[in-house]
There are 2 protein chains.
Amino acid sequence: MTERNRTDKLEAPSNAIGKILSFIRERRYQPSERLPSERDFAEKFDTSRGAVREALAALETMRVIERRPNSGIYLRKIEESSIDALVLYAESGVPFEAKEIADVMEVRRMLEGQAVRLACTRRTADNIREINAILEETNKRLSKKQSIEREDEAFHLAIFSATKNDILLRVARSFYELSRHRRKVYFADHSRGRQSYEDHCAILEAIEERRVGQAEQQMNAHLSRTGEAWQALLAYIPQVACRLT
Amino acid sequence: MTERNRTDKLEAPSNAIGKILSFIRERRYQPSERLPSERDFAEKFDTSRGAVREALAALETMRVIERRPNSGIYLRKIEESSIDALVLYAESGVPFEAKEIADVMEVRRMLEGQAVRLACTRRTADNIREINAILEETNKRLSKKQSIEREDEAFHLAIFSATKNDILLRVARSFYELSRHRRKVYFADHSRGRQSYEDHCAILEAIEERRVGQAEQQMNAHLSRTGEAWQALLAYIPQVACRLT
DNA sequence: TCTGCCAAATTGGCCAAACCAGTCCTTTAG
DNA sequence: CTAAAGGACTGGTTTGGCCAATTTGGCAGA
């Protein structure tokens, strides 16, 4: 009951990574604490040292652990760990807090209002075509009662892309990756998907016509609605959030 | 002449990671192109398959490559690769463009102006103490004519930390990581360090006294000065930027 | 000539046993 | 009591092998 064929998030959880990760969480290891040795892990998971070392290499680049030669493997602070590690954590069963939602929405307000302004002035015809295609796909999925979490992410990232600021796009990508699990929960409700779709259409129209003020206003309205929907979601069924995947 | 004992950036370039990375770059591989097999790499680098596999595991979590079972190893798009991979690239000898600087400064303007406002209202006494300590260290290093790139990063991240928004802090961290190499180049000049220090002191004062408007204004002024200094730097000695490390 | 099938080669994934070069701690000889 | 010797760890690395799946190529039949 540990995992199934869900190898479409990170391509190689490779089994061992997940095992080590949940081992760390279950045993409540503290930062800078020393973990079992490679050989212990291999024995514990009934696998080979090579497989363990490969997983450890991955976890080290995610900055979850630190390997000190001739000493041991040490757990690092959670804040130091990379986004990929957090995604792995979030993907299955980590507690889910209202403050995180509020934080996410605050950052979105900081970034997306200004991004949409830039997008208005710098967009090309290609950008419009791309966003249009995304919205069509959104509509298609909505009419089939499917979740649109990926299309929502694609829409917002396409706006960042239209700003022609590669650094901003990169930051936005890692940000959206970070909140991907929450988005999955959010769009489990069909009506929230419909509302987002309508908001998106209005935003695209403003960008296409290069109405800077209107675009920013529409984006702010969209984010406000999303924030309120989140509050409502959390107020009534906070425990549902964890179980959905 | 490939590498020396510079194992203080990412903890385990482990030699093989760097070798594979420069191999990819030298041979000008294109995205989605198939790389040599694990066994080929092992032979090429005169090492074992296990070492190669460990490096590949790391590169896979950095999303530089994709390993398809029973098929091969494929190069992914650069835009998909993680920040760590970009840092590795930047660390040694990648071209250096003015647009990147402009992009970075644009993002900083988007984020830090609002962040400093939040910091004013939400800061605790601890935040002030922390920032003060950073500024003291900055001053100490300046009087010893040392570069302050780490202290500069610490100062700005401490402001993000004072906003009490963990998501924002995380985004800012990855952002600063992304531009770490450029910062190293920037602070190679001592006078730019002094200017930043003075700006930082003014910003801290405003945050401490919770003067929201003044803090934002100081931050904007600081970012403007930094942007201009960058322009000047790039205009006169663009080629120096690449060679400095 | 074209088609279909089967076997060999190649791939990544994995395992086992060993050796190295350090660190740390205990034991032992002076 | 001290200091040297020894052993028991550690992560880092190599070698050599097996597995399952895919790809490939050649051979047989139509």
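Labels below follow one simple rule: chain letters A, B, ... track the order of the sequence lines, proteins then strands, and each chain is numbered from 1. These numbers come from the heavy atoms of this one structure, side chains and all, not from hydrogens, waters or symmetry mates.
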Side chains of B/Val52 and B/Thr47: closer than 4.5 Å at any heavy-atom pair?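 Yes. Closest side-chain heavy atoms under 4.5 Å.
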Distances under 3.5 Å only, N/O to N/O: pair up the protein atoms with those of nucleotides 6-12 of chain D.
{"residue": "D/dT10", "atom": "OP1", "partner": "A/Ser37", "partner atom": "OG", "Å": "3.2"}
{"residue": "D/dT10", "atom": "O2", "partner": "A/Asn70", "partner atom": "OD1", "Å": "3.1"}
{"residue": "D/dG11", "atom": "OP2", "partner": "A/Glu38", "partner atom": "N", "Å": "3.2"}
{"residue": "D/dG11", "atom": "O4'", "partner": "A/Asn70", "partner atom": "N", "Å": "3.4"}
{"residue": "D/dG11", "atom": "N7", "partner": "A/Arg39", "partner atom": "NH1", "Å": "2.9"}
{"residue": "D/dG11", "atom": "O6", "partner": "A/Arg39", "partner atom": "NH2", "Å": "3.0"}
{"residue": "D/dG12", "atom": "OP2", "partner": "A/Arg53", "partner atom": "NH1", "Å": "2.8"}
{"residue": "D/dG12", "atom": "OP2", "partner": "A/Arg53", "partner atom": "NH2", "Å": "3.3"}
{"residue": "D/dG12", "atom": "N7", "partner": "A/Arg49", "partner atom": "NH2", "Å": "2.7"}
{"residue": "D/dG12", "atom": "O6", "partner": "A/Arg49", "partner atom": "NH1", "Å": "2.9"}
{"residue": "D/dG12", "atom": "O6", "partner": "A/Arg49", "partner atom": "NH2", "Å": "3.4"}

Roughly, in whole Å, what's the span from CZ in A/Phe41 to P in C/dA16? 18 Å
Please report, rounded to the nearest Å, how far the P atom of D/dT15 is from the CD atom of B/Glu43. 12 Å
Reckon B/Thr47 has a side-chain N or O less than 4.0 Å from the OP1 or OP2 of D/dT13? no
Is there any ring-ring contact (aromatic ring centres under 6.0 Å, His included) pair reaching into residues 53-84 of chain B, and which pairs are they, with sequence neighbours excluded?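 Qualifying pairs, neighbours excluded: none.
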ring-ring contact (aromatic ring centres under 6.0 Å, His included) pairs, two or more places apart, involving residues 33-59 of chain A: A/Phe23-A/Phe41, A/Phe41-A/Phe45
Residues in side chain to side chain donor-acceptor pair (under 3.5 Å) contact with [X], at least two apart in sequence or another chain:
X: A/Asp126; result: A/Arg129
X: B/Ser179; result: B/Arg183
X: A/Asp189; result: A/Ser191
X: B/Ser32; result: none

Would you give me the side-chain donor-acceptor pairs under 3.5 Å for residues 134-142 of chain A, sequence neighbours excluded?
{"residue": "A/Thr138", "atom": "OG1", "partner": "A/Ile134", "partner atom": "O", "Å": "2.7"}
{"residue": "A/Arg141", "atom": "NE", "partner": "A/Ser147", "partner atom": "O", "Å": "2.9"}
{"residue": "A/Arg141", "atom": "NH2", "partner": "A/Ser147", "partner atom": "O", "Å": "3.0"}

Quantify the bending of the helix from C/dT1-D/dA30 to C/dG30-D/dC1 as the angle between its end axes, each fitted on five pairs, to 10°.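 Rounded to the nearest 10 degrees, the bend comes out at 30°.
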